[in-house]
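Read the numbers this way: they start at 1 and go in the same order the structure lists the ligands and their atoms.
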Amino acid sequence: MDANEIRSAYLSLMQERGHALINRAPLVPKDDPTTLFTGSGMQPLLRYLLGAEHPDGNRLADSQTCLRSQDIEEVGDNRHTTFFEMLGNWSLGDYFKSEQIPLFWHFLTEVVGLDPNRIYVTVFSGDPEHGIPRDDESADIWTELFTKAGVSSDRVVLLTEEQGNEQGNQGARIAYYSDKNWWSRSGGPDTMPVGDPGGPDSEVFYYFPQVEHDTAFGKYPHQNSDGGQYMEIGNSVFMQYCKTDDGFALLPKQNVDYGGGLERIAAASIDSPDVYRISLLWPIVQKIEELSGVSYDDNTVAMRVIADHIRGAVFLAVDGVVPSNKEQGYVMRRLVRRAIRFAHQLGVQQNLLTELVPVVAGLYAEAYPEVADRRDVVIAVLEKEERAFRRTLGKGLRELKRLGKTGDTVNGDDLFKLYDTFGFPVELSTEEAVNRELPLTENWRAEFDAAIEVQRQRSQASTKLGAGTA
Ligand code: SER
């Protein structure tokens, strides 16, 4: 199954099982000043998880487009993307563990057709301090499912990630973890703010034996290791608690909040540990190969960055964001300019966006008709940004080269010049400096912020002067 087929099959299955299908929320959340972007499927549904009645009932499903800008610099490895789709289903006080876990298993093994022998899971080991029990119920349900499928399901208690790193999972299909298996939008039981919902979760991983475990992430591989062999593909959160002043109380409803990474499930379905090989990303990579005349195999990181960033920028433009110097617009600018920077390195000197946007739009035309509807606006917005940055990119790179020759430490004023005169987002300049082994002053960030502040005050003063003399 390709990724579009997986999305459709998931939504059909959910509909068959009595879920109302809801539309994706835009990438810029409405009425939520706490965050710039929709970063998970549950975010737009928060108030319903806290107890409000949803107009479409208590069984809901969707595929939610998400953007995690904090992952920008992780992009380049085999599985991180800033933009992704999260398949989601929710029970608002309706079904619970005994329906959710078998439903997800059925989807993975029978609908998508993943090999049950390659599936590994984790459950919550409990939090005695807050009176939250170990999730043996989920472990029992998983044991039964694995056993029925003829897969051995030994259990091991792994209380911490460190223990996993030191000992490995010793073949355990089902492993218990502590904080790693607690989900809230704001961290573990201790760090969550009062009023936030959270709960134990059960995560599912797909095992890629063809990947060599990266020991930088611990001596041994195990479900929760970032060493590369186990890729998380979905997560059922049993959202039953609310943080209170003196600990935790049960929410009025015992909810399920499931989120599965469409791109990662699609990668598992083609047995590729590299998500960029899936049907929603590979055509973008192929177009970059065609434009640059060089191969993905020799330029993997650059092509992953370009494919990911352009896809994210297209959806931001679809949802009405335009590149600017603040908030969502700034993140969009960073994505576009970083992609252009990498394309420049591959020898693509012009029209990256004009060439790539139609490819991205074509991939999503059916699933999200608004992408096709807004295609021309999206192209216009992104082309304009490319033209603006191309004008100064070469000069900015020469400035960086010059800084390298002086042998001086790059300071906040240098970074400000790159930003103000050459349009380099500061994160792009510091990344360049690191790649060129140029030393940065210890306080470059504060120096840069101070230079921005001086500029802001200057422009305010001149606006006032202008107003007074007009
Ligand atoms: N909220 C959970 C997650 O983001 C599941 O939807 O993983």
- Task: Kindly confirm or rule out a cation-pi arrangement of Arg134 over Tyr176, judged by NZ or CZ under 6.0 Å from the six-membered ring centre and within 45° of its axis?
- Result: yes

- Message: Please evaluate residues Asn325 and Arg333 with respect to the criterion side chain to side chain contact (heavy atoms under 4.5 Å, CB included), reporting the C-alpha separation (whole Å), side-chain torsions for both, the decisive distance (0.1 Å), and the verdict.
- Response: CA-CA 8 Å; Asn325 282 340; Arg333 174 157 282 168; 2.9 Å; yes

Can you name the atoms of ligand 1, numbered from 1 with element, that are less than 4.0 Å from a heavy atom of [X]?
X      : result
Asp257 : 1 (N), 2 (C), 5 (C), 6 (O)
Tyr258 : 5 (C), 6 (O)
Met42  : 1 (N)

Give a yes-or-no answer on whether the side chains of [X] and [Y] include a donor-acceptor pair shorter than 3.5 Å.
X      : Y      : value
Ser184 : Asp196 : no
Thr430 : Trp444 : no
Asn117 : Asp115 : yes
Tyr48  : Asn58  : no

- N or O pair under 3.5 Å between Ser40 and ligand 1: no

- Hey, is ligand 1 close enough to Gly259 that some N/O pair sits below 3.5 Å? yes

Just let me know how [X] lines up against ligand 1, side chain, backbone, both or neither, with a heavy-atom cut-off below 4.0 Å.
X      : value
Trp183 : side chain
Val237 : side chain
Arg185 : neither

- Message: So which atom in Leu352 and which in Ala343 form the shortest heavy-atom distance, rounded to 0.1 Å?
- Response: CD2-CB, 3.7 Å

- How far is atom 7 (O) of ligand 1 from its nearest protein heavy atom, and which residue and atom is that? Asn235 ND2, 3.0 Å

